[in-house]
Amino acid sequence: MITEILRALLTIAMLLHASIKDIKTREIEPKYWIFYGVPLIVIAIAELLASSPSKMLLTVYVISIIAVIAMTIPLFLANMFGGADVFALLVIALSHPTVPFKSNTVFPVSIIVLLYSLLLLIGLPIAFFLYNLVKRNYLTLNKISLPRKIAAMFLGIPIRAGELINKRFWYPLYRPWSNEFKLSFDIEEDDAELREKIRDLIEKGELSSHEPIWSTYGIPTIPFILVGYLLTLITGDALIKLLFNSL
């Protein structure tokens with residue numbers, strides 16, 4: 001019980017600290033995960049050695065690590081997750097052979113946290129779509145096909161160019177300097193550089209400050225992973241089971 005409490009508190013501290021850094025800068029150095037990850041993994045190993053785990057538990061533990069890598073790498077390559085998000089979930093997978101305080105879970109901790117996080121992240125695209133629908137923002141999307149128009153309504157909102165240049169972590173989907181409308185953005189892009197390009201166009205008189213620029217928000221994902229972890233501690237995988245049973 002003591003190791004479970006220590007493991008849970010240290011993981012919460014790790015994710016809380018990372019969430020603050022993610023919200024402020026969107027950058028978390030790899031050494032940060034080593035700082036928290038090493039003691040967490042040591043606690044997990046000590047707990048396993050003390051409890052003489054079954055082959056089934058060890059098998060599930062290894063599978064969970066492989067599964068997290070297999071599920072997060074494609075998200076990373078698709079620019080849906082950053083490197084820090086992958087590291088956070090990998091540390092959780094390596095340090096959590098079992099769900100703290102729960103003995104009746106089916107899914108490994110890291111998978112539960114990942115699924116909860118993704119379910120929470122779905123909320124922003126839905127909010128974008130409803131906002132665009134109510135505001136009839138789709139009327140400004142007259143230069144792209146219908147499928148791309150629908151996708152754009154889930155991905156972002158139109159922001160006046162003069163306002164966008166002062167909004168941190170907002171990425172233009174419409175690139176006025178190349179007259180290109182993108183349905184994705186590279187999370188490694190510097191939003192400041194993109195906004196500076198728009199500022200230059202405004203200053204040169206080539207773009208009106210009132211021109212709506214469809215943009216998307218660079219979501220800080222670590223806070224969602226933190227909430228997903230807290231939900232895991234509280235409910236185990238009950239919500240995930242409920243979701244699968246309802247399908």
Side-chain angles (χ1 to χ4, degrees), residues 5-41 43-44 64-97 99-100 107-128 154-156 167-171 184-192 194 215-237 239-240:
I5 294 173
L6 185 59
R7 183 154 46 101
L9 289 177
L10 189 55
T11 303
I12 291 172
M14 175 186 74
L15 294 175
L16 182 60
H17 188 185
S19 294
I20 294 171
K21 291 174 70 68
D22 199 16
I23 291 170
K24 288 183 175 180
T25 67
R26 299 298 194 279
E27 294 180 3
I28 304 172
E29 302 82 0
K31 64 181 181 181
Y32 168 88
W33 303 110
I34 297 174
F35 176 79
Y36 281 100
V38 170
L40 276 169
I41 293 170
I43 291 171
S64 71
I65 297 170
I66 297 172
V68 162
I69 295 172
M71 293 175 72
T72 56
I73 294 301
L75 292 172
F76 173 75
L77 294 175
N79 289 317
M80 295 177 66
F81 265 19
D85 309 323
V86 176
F87 280 125
L89 289 164
L90 185 57
V91 169
I92 292 173
L94 289 168
S95 62
H96 284 70
V99 180
F107 297 93
V109 180
S110 52
I111 301 303
I112 302 171
V113 174
L114 174 58
L115 293 176
Y116 279 155
S117 304
L118 291 176
L119 287 173
L120 292 167
L121 282 165
I122 290 173
L124 186 61
I126 293 175
F128 277 160
F154 279 102
L155 294 174
K167 287 183 176 290
R168 291 188 69 192
F169 309 125
W170 280 86
Y171 296 79
S184 64
F185 72 99
D186 188 344
I187 58 176
E188 301 301 326
E189 285 184 302
D190 186 344
D191 64 293
L194 298 175
S215 307
T216 190
Y217 185 56
I219 306 172
T221 311
I222 300 294
F224 290 89
I225 295 176
L226 170 60
V227 175
Y229 183 75
L230 293 174
L231 283 173
T232 302
L233 293 180
I234 296 169
T235 69
D237 58 1
L239 296 179
I240 300 298

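On a predicted model such as this, the values are computed, not experimentally measured, just so you know. Counting from 1, the numbers follow the sequence of the chain as shown. Values reported hereafter were calculated over all heavy atoms of this structure, with side chains retained and with hydrogens, waters and symmetry mates removed.
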Distance, nearest 0.5 Å, that separates [atom1] of [X] from [atom2] of [Y]:
{"X": "Y217", "Y": "D191", "atom1": "OH", "atom2": "CG", "value": "10.0 Å"}
{"X": "I112", "Y": "S64", "atom1": "CD1", "atom2": "OG", "value": "10.0 Å"}
{"X": "L118", "Y": "L114", "atom1": "CG", "atom2": "CG", "value": "4.5 Å"}
{"X": "L226", "Y": "H17", "atom1": "CG", "atom2": "NE2", "value": "13.0 Å"}
{"X": "F81", "Y": "I225", "atom1": "CZ", "atom2": "CD1", "value": "5.0 Å"}
{"X": "L120", "Y": "I219", "atom1": "CG", "atom2": "CD1", "value": "11.0 Å"}

Is the closest side-chain heavy-atom distance between [X] and [Y] below 4.5 Å?
{"X": "S95", "Y": "I43", "value": "no"}
{"X": "M71", "Y": "L75", "value": "no"}
{"X": "H96", "Y": "Y229", "value": "yes"}
{"X": "S117", "Y": "T221", "value": "no"}
{"X": "T72", "Y": "L90", "value": "no"}

Which word best sums up how the rings of W170 and F128 line up, parallel for under 30°, tilted for 30 to 60°, or perpendicular for over 60°?
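If you compare the ring of W170 with that of F128, the planes turn out tilted.
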
Would you find more than 12 non-hydrogen atoms of other residues, nucleotides or ligands less than 6.0 Å from F35 atom CZ?
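At most 12 heavy atoms, drawn from other residues, nucleotides or ligands, come within 6.0 Å of this atom.
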
If you draw a 6.0 Å radius around OH in Y36, do more than 12 non-hydrogen atoms from other residues or ligands fall strictly inside?
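Yes, OH of Y36 has more than 12 neighbouring heavy atoms, counting only those of other groups under 6.0 Å.
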
Closer than 3.5 angstrom, by distance alone: can the side chain of [X] be matched with the main-chain N or O of [Y] as a donor-acceptor pair?
{"X": "Y32", "Y": "A18", "answer": "yes"}
{"X": "R26", "Y": "F169", "answer": "no"}
{"X": "D22", "Y": "I28", "answer": "no"}

Would you name the heavy atoms of [X] and [Y] that are closest together and state the gap between them?
{"X": "F224", "Y": "L121", "result": "CD1-CD2, 3.5 Å"}
{"X": "G228", "Y": "Y116", "result": "O-CD1, 3.5 Å"}
{"X": "S110", "Y": "I92", "result": "CA-CG2, 4.1 Å"}
{"X": "R7", "Y": "P97", "result": "NH1-CD, 4.1 Å"}
{"X": "G37", "Y": "V91", "result": "CA-CG1, 3.9 Å"}
{"X": "D190", "Y": "A192", "result": "OD1-N, 2.9 Å"}

Is there a side-chain contact (heavy atoms from CB on, under 4.5 Å) between L233 and T11 once you walk through the steps?
CA-CA 11 Å; L233 293 180; T11 303; over 6 Å; no

